[in-house]
Amino acid sequence: MIERYDPSIIEPKWQAHWEQTRCFEAEASHEKPKFYGLIEFPYPSGMGLHVGHPRSNTALDIICRKRRMEGFNVLYPIGWDAFGLPTENFAIKNKIHPAVVTKNNVAHFTAQLKRLGFSFDWSREVNTTDPSYYKWSQWIFLKLFERGLAYKAEIPINFCMGCKVGLANEEVVDGVCERCGGAVVRKIKSQWMLKITEYAQRLIDDLDMVDYIEKVKIQQRNWIGRSDGAEVLFEIEGYPDGLKVFTTRPDTLFGATYMVVSPEHPIVNALEGRIKNISAVREYQAAAARKSDFERSELVKDKTGVPLEGITAINPATGEPIPVWISDYVLMGYGTGAIMAVPGHDARDWEFAKAFGLPIVEVVAGGNIEEAAFSDINDGQMVNSGFLNGMQVKEAISFITQWLVEKGLGEHKVNYKLRDWVFSRQRYWGEPIPLVYCEHCGWVPLPYDQLPLVLPELEEYLPAEDGSSPLTRATEWINTSCPKCGAPAKRETDTMPQWAGSSWYFLRYTDPNNDNELASKEALEYWTPVDWYNGGMEHTTLHLLYSRFWHKFLYDIGVVPTPEPYQKRTSHGMILGENNEKMSKSRGNVINPDDIVNELGADSFRLYEMFMGAFDQPIPWSTMGARGCRRFLDRVWRLQEMIKGEGETTDMRGKLHGCIKKVSEDYERMKYNTAIAAMMALVNDFYSKGSITKEELHTLLLILSPVAPHMAEEINERLGYAPIHTLAWPKWDEAALVEDEVELAIQLNGKVRARMMVSSSATKEEIEAAAVKHEEIAPLIEGKTVRKIIAVRNVVNIVAN
RNA sequence: GCGGACGUGGCGGAACGGCAUACGCAACGGAUUUAAAAUCCGUCGGGGAAACCUUAUGGGUUCAAAUCCCAUCGUCCGCACCA
């Protein structure tokens, strides 16, 4: 009799063993082929580990443990994305230094992660708030600044009233702050910006060279939002600049019956004196400014606007005068901030024209423009369009673009939805921006030998009421001298957003203690790119896009050897609460990993997270299901009682090898649930037999070990084998998979009517003959003509009538 | 509105175009136990008298459809006045 399975003894034992033998540290030698597996480093929040973290971590832990057994030198690192608002808010509320809060949270997370037995290389731990780390975040920023990719601009920003901080577009969700849910308003602020738009095309194009799951690629492409069209110049009487518009439908130029400019468009100021209804226009502008972006788009149904009375534009195709309106359905931030309105063929223009009684002209036949705008570009012929008449839409687009170019009225133009990245935050707990403002020299970068520029100590971390950074109070720190001319100068008080440190952390892991470079050339050459990166879909248009941008920049300046940071990107589905809703404190459906580990053990927890459903799908938590996984491990444990004597055998070789194959292949495809199901089925088979050989159990432990490493090591040690992590991944024998006899289903006209056993060496002809003669089949086809017999895999279909 | 994913037992879910419901949960029966828990063994989608029917619904392609195509309904996710 063996004692009962007790993870609370086994798990700490093996965790200590792994830590002492340092067996999961990446090898210094670069002889072996490398494998770099990466999970998104956690933000050490006060809430502690979420059940979502282990889902991603276990998935790649399985891959990394398997890779080591396959002979790879594996890097599976861990670190902390520790700058950020929740920590700072907690610090403010409790009057503790954010660095102390961070330290406590990191300690808590570390303990939680270690209890789960991930094979992280803890010797390479990084922390974005460590000055020796953010020295290099600052270094990269200065490089961007040098190359003109960081610039300061007066821009309307999304300002969160709760956090008192500017947000990137990506951080505004449903019109409110992603973090605190507070109202977001528009404020004009001078902000540091990064020119991610300069990389827009390459960020699209190079998706072709990486292996990302398709929905990630699609979301990134949509976010960057490339559109092809033309920029067209409309003349305005008495305004020599004219009014430029961007359109993807230059073919509809003859149908442009009016123009619309956004409320912020400079033409209003330029022509102020000639706009007869200027007070109404000013009033409209003021009303638009008071609305947030969210409110503006909330009112989609009701188009509003005011004509610029006295202003007339000329349609360059027809030569006709057309009115110019101002309306907030046109955005200053996209294209030129002005549009040509073609109500016949654009839904928004159609609504606007209907609302204000503007003329609607059909220029593409095929729809009913009285009912709705007709905007199909694949099916329609040009009408009422002079020299374009009779052409198909696509033909007309290229023809008129050429015509515009020849007349000097326009040009082919590509536009992107992607905006430059707002890189300033008016907060304390972030990397200081290493620039100094000098009255004489402007913005001057800190010399590299003065990095890191360390955060000053403050009494209060709260931003000022006007939203300026708490660093404005660090008088001594701010006042410095210009590195260029020596005159008194002031430091930048904005800090970097949380995304800075996470944009390059995977590079630092390759050489985490290097004080001379962000990482050595040699380390980067060997380890990058990351071979496999798993993370959340929510980072697709944030972290993942930002880090691709930074990486491309570092590639351009010769710092990294590859144009893309991550060779492969996968994503896990979210774990929902037992009630099928998103886990949250307020819903009271949060599952704490510690509780599950306490009750069932880390191995059962890991097993359940991998077994609960398809890895890429969202899935509700079930504590009963988790207990079922514990039952399975109990059954594996008791296999020790069924071990046969020396020299005895079972007839399980075929099933065992089938399982090795299934599990090996399913791990690679992240089909963890079916891999585990296959092992459960195998164990059920051994229970049916009531016996197992020592070697068979050993092999089962090898393939189970990536999921349940503690138990696998423990039983394996008791069997007298060397530690699993030092052993090779088992190979399956294809020959063993072939069984002597297989069961075939016999179908008649596609319906299963009978089954029969046949020798697996039987020929097609033999199978067909046997099927027709089968005792249950023969009477059914008697008197009928057999038209065809299809024998495929394990089905024979007889077509007869 | 646009883009994406998806719809299979009481539940989570399996199923290279080839025997639908693997594996697990829940439920039920039995063994063991003074009893319970644990464990072991077993049963287990629905409808129909039956032939059969049944993978959201209706069509189609095919020898063969949960799987491919078209339409409809529904759910989830992302983007959203992007010209």
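Since the model is a prediction, treat every value here as computed from it, not as a measurement. Here is how names work: the chains are called A, B, and so on, in the same order as the sequence lines, proteins then strands, and each is numbered from 1.
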Between V324(A) and V261(A), does the side chain to side chain contact (heavy atoms under 4.5 Å, CB included) criterion hold? Intermediate values first, please. CA-CA 7 Å; V324(A) 180; V261(A) 299; 4.3 Å; yes

Are [X] and [Y] ion-paired here, with the side-chain N under 4.0 Å from a carboxylate O?
{"X": "R627(A)", "Y": "E599(A)", "value": "yes"}
{"X": "R631(A)", "Y": "D634(A)", "value": "no"}
{"X": "E40(A)", "Y": "R569(A)", "value": "yes"}

Using O4'-C1'-N9-C4 for purines and O4'-C1'-N1-C2 for pyrimidines, with syn meaning within 90° of 0, is G9(B) syn or anti?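 What G9(B) shows is a syn base, its glycosidic angle lying within 90° of 0.
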
What one-letter contact string describes nucleotides 9-14 of chain B from 5' to 3', where B marks a base within less than 4.0 Å of any protein heavy atom, S marks contact via sugar-phosphate atoms alone, and - marks no contact? ---BSS

Any side-chain N or O of [X] less than 4.0 Å from the OP1 or OP2 oxygen of [N]?
{"X": "R627(A)", "N": "A26(B)", "answer": "no"}
{"X": "R753(A)", "N": "C52(B)", "answer": "yes"}
{"X": "K582(A)", "N": "C76(B)", "answer": "no"}
{"X": "R631(A)", "N": "A38(B)", "answer": "no"}

Between D616(A) and H572(A) (side chain of the first, backbone of the second, donor and acceptor by atom type, cut-off under 3.5 Å), is there such a pair?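 No; zero donor-acceptor contacts below 3.5 Å.
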
Any N or O donor-acceptor pair linking the side chain of K215(A) to the base of C77(B) at under 3.5 Å? no

If you find the nucleotide of RNA chain B closest to N222(A) and the one closest to S227(A), which residue's nucleotide is nearer the 5' end? N222(A)

Which listed nucleotide ([options]) is nearest to the side chain of [X]?
{"X": "R638(A)", "options": "U39(B), C23(B), G18(B)", "answer": "U39(B)"}
{"X": "K417(A)", "options": "C63(B), G24(B), C79(B)", "answer": "C79(B)"}
{"X": "V752(A)", "options": "G78(B), A20(B), C23(B)", "answer": "A20(B)"}

Do F632(A) and F611(A) have ring centroids that are under 6.0 Å from one another? no

